[in-house]
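Read through the structure below, which is laid out as structure tokens, and then see the notes.
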Amino acid sequence: MIKNIFNGVSGYISYRGGASHWTFVMHRVSGLGTLLFLSMHILLESTAHFAPHYYDRLNAGLRNPFALVAEILLAFFVIFHGVNGFRIAYIDLFRKDLWSLPSGPKTAKATWIISFILWIPALIIMLLHSLKLI
Amino acid sequence: MEVTIKIFRYNPEKDKRGHYETYTVEAHENDRVLDVLELVKGHKDGTLSFRRSCAHGVCGSDAMRINGRNMLACKTLIRDVGANITVEPIMGLKVAKDLIVDMNPFFDNYKKMLPYLINDNPLPADGKERLQSPEQRARFDESTKCILCAACTTSCPSFWASDEYYGPAALVTAHRFIFDSRDEGAEQRLHVLSETNGTARCHTAYNCTEACPRDIQITKAIGELKMAMVTGKID
Amino acid sequence: MRLSAILLVPLVWIHAILNTLIAGPENINLNYVAMRWSSIGWRIYSTLLLAFAFSHGITGFRQILFDFATNSTTRRILNLFLFFFWIVLSLVGATGIISGVGK
């Protein structure tokens, strides 16, 4: 299994595929990243019930530049995973003819563009909020 | 023009791991990558090994990774890939020597698809042939074009992860027989496909369709297989 | 997977827009959580979000792992491990949401 992971991941990185290859890799990365965050998020929020005195202190501990960068990245992950997931489900269920050339890579490129367009306002609002914290 | 070609080299009798060697040859921009490889083998280094047979994109021997992407060396022109070329063996299969890989896992997966006509019914009354309309033939026309070069299978992230995944080429073969109106083995094949290393491992990364030198719409074909498995109907 | 995914897009995005973009992290504290969890509607919303999001994540992670692990014993061990991870965190989260802010 370790050998398989090594082979697989080195393929993810070294294959010079088109937009669709990188959308696939990003879908995986964003999914894993979000799952990691979600697990921590569940544990953190549950302290509001199990240890309410620590909740505010834990929350304040997360207000640093690293957490801000991670949070902004997470926003992109969530948006991208949603947009790309919607694309895959839609094509798979209703428009199989789009799984062909050249429309396949085009929809992958569109996923990146839509994700960035949705992400930029989120980025700006998050930065404005972070200014209030300083 | 002067072409710089960086080739992956591995000799199982001497080397522990592979390395790259760079050669410079004089070639025309309308030459193919295969021609450059032949020039290197003929004039620079006779120990270079690679598979080639027909050199016209039909036999499917010379699939390799050119500038990081799977292509047929005999169908790729120098002017399309530039004067600096990197040639590596296809990924996911064990390298036997230089650009030659062990294709056995690939063909084992191919055999699992029962790649032959299954029909035990008696012939029609005139005893001649099982007729098929042009529309019925057109239904699986795309997937008959496969030359088994393994460019698609070795571009698939799921296949890199484990060669127990059947891979796009095998699924295209399944599509070719399942959607053939003369064939009666669809149920058997759909059963094979529904195993955990079958279509469930296809995550629509789409590298296969982009790598296919025969322009088969592989992801679409796999999508049709998935639908046939869910609905149990073949149309 | 697909069903939870389609539900998750509005659920997660509304959750993120409301709490991160409108409320803002500087306003999130114990009182804010208590205020949100005082309404039964938001509790149902949060429980649904937890259930769908976390099981979607675990199923997706399982799909990724199964790409690499083809051995049936390895797969069984991974299944067990993921199941416990899923059930423990879901229960911890659901207990928190349903019983509200502690004292």
Side-chain angles (χ1 to χ4, degrees), chain A residues 1-9 27-28 31-32 34-39 41-56 59-60 62-63 67-68 71-72 74-75 78-79 81-83 85-86 88-90 92-93 118 121-122 124-126 128-134, chain C residues 1-3 5-6 8-10 12-13 15-17 20-34 36-37 46 49-50 53-54 56-61 63-65 67-71 74-75 78 85-86 88-103:
Chain A
M1 181 172 172
I2 302 295
K3 196 171 143 271
N4 282 353
I5 291 176
F6 177 79
N7 286 345
V9 173
H27 199 74
R28 294 234 140 154
L32 285 175
T34 312
L35 180 64
L36 182 70
F37 165 78
L38 183 61
S39 309
H41 188 57
I42 292 172
L43 289 175
L44 176 69
E45 297 303 315
S46 66
T47 56
H49 168 71
F50 293 107
H53 304 294
Y54 289 99
Y55 183 81
D56 281 340
N59 227 346
L62 282 173
R63 282 170 200 161
L68 180 71
E71 219 170 37
I72 289 172
L74 179 79
V78 171
I79 291 168
H81 203 85
V83 174
F86 186 76
I88 293 172
Y90 175 72
D92 239 10
L93 295 175
L118 290 176
I124 293 167
I125 299 171
M126 286 169 100
L128 286 178
H129 273 301
S130 72
L131 287 179
K132 284 185 212 157
L133 287 175
I134 298 166
Chain C
M1 271 315 253
R2 293 270 152 89
L3 187 75
I6 289 163
L8 274 173
V9 169
V12 173
W13 287 7
H15 173 81
I17 288 171
T20 316
L21 301 186
I22 296 177
E26 73 274 13
N27 296 321
I28 292 193
N29 51 36
L30 200 58
N31 292 335
Y32 178 81
V33 179
R36 288 282 305 283
W37 284 359
S46 300
L49 184 61
L50 170 76
F54 200 54
H56 180 89
I58 291 291
T59 329
F61 190 37
Q63 286 294 326
I64 295 180
L65 286 175
D67 267 6
F68 297 98
T70 43
N71 182 296
T74 323
R75 281 187 174 179
L78 287 173
F85 188 60
W86 173 72
V88 167
L89 257 91
S90 293
L91 283 179
V92 166
T95 319
I97 295 167
I98 292 165
S99 42
V101 174
K103 299 210 170 56

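Chain letters run A, B, ... following the sequence lines, proteins first and then strands; every chain starts at 1. What you are looking at is a predicted structure, and each value in this text was computed from that prediction instead of being measured.
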Contact check, side chains of A:M1 and C:N71, non-hydrogen atoms, under 4.5 Å: no
Between atom CD1 of A:I5 and atom CG of C:D67, what is the distance when rounded to the nearest 0.5 Å? 10.5 Å
What part of C:L50 gets within 4.5 angstrom of chain A, counting heavy atoms only: side chain, backbone, both, or neither? side chain
Separation between CG of C:L89 and NE2 of A:H41, rounded to the nearest 0.5 Å: 12.0 Å
How far does CG of A:N59 sit from OH of C:Y32, to the nearest 0.5 angstrom? 11.5 Å
Examine whether an atom of A:L74 lies under 4.5 Å from a heavy atom of chain C, and if so say whether it belongs to the side chain, the backbone or both; otherwise answer neither. neither
Counting only non-hydrogen atoms closer than 4.5 Å, does C:L78 touch chain A with its backbone (N, CA, C, O), its side chain (CB onward), both, or neither? side chain
Measure the CD1-CD1 distance between A:I42 and C:I97 for me, rounded to the nearest 0.5 Å. 8.0 Å
Part of A:D92 lying under 4.5 Å from any heavy atom of chain C: side chain
Heavy atoms of other groups near A:Y54 OH, more than 12 under 6.0 Å: no
Give, as side chain, backbone, both or neither, the part of C:A53 having an atom under 4.5 angstrom from any heavy atom of chain A. both
Chain A contact via C:V33 - which portion, at a heavy-atom distance below 4.5 Å: side chain
In the structure I gave you, are the side-chain heavy atoms of A:N7 and C:F68 within less than 4.5 Å of one another anywhere? no
Between A:F86 and chain C, which part of the residue has a heavy atom less than 4.5 Å away: side chain, backbone, both or neither? neither
Nearest heavy-atom approach of A:H49 to C:S99 is CE1-OG, 3.0 Å
All heavy atoms of A:G82 vs all of C:W13, minimum pair found to be CA-CZ2, 4.1 Å
When the 4.5 angstrom heavy-atom criterion is applied to A:S39 and chain C, the contacting part is both
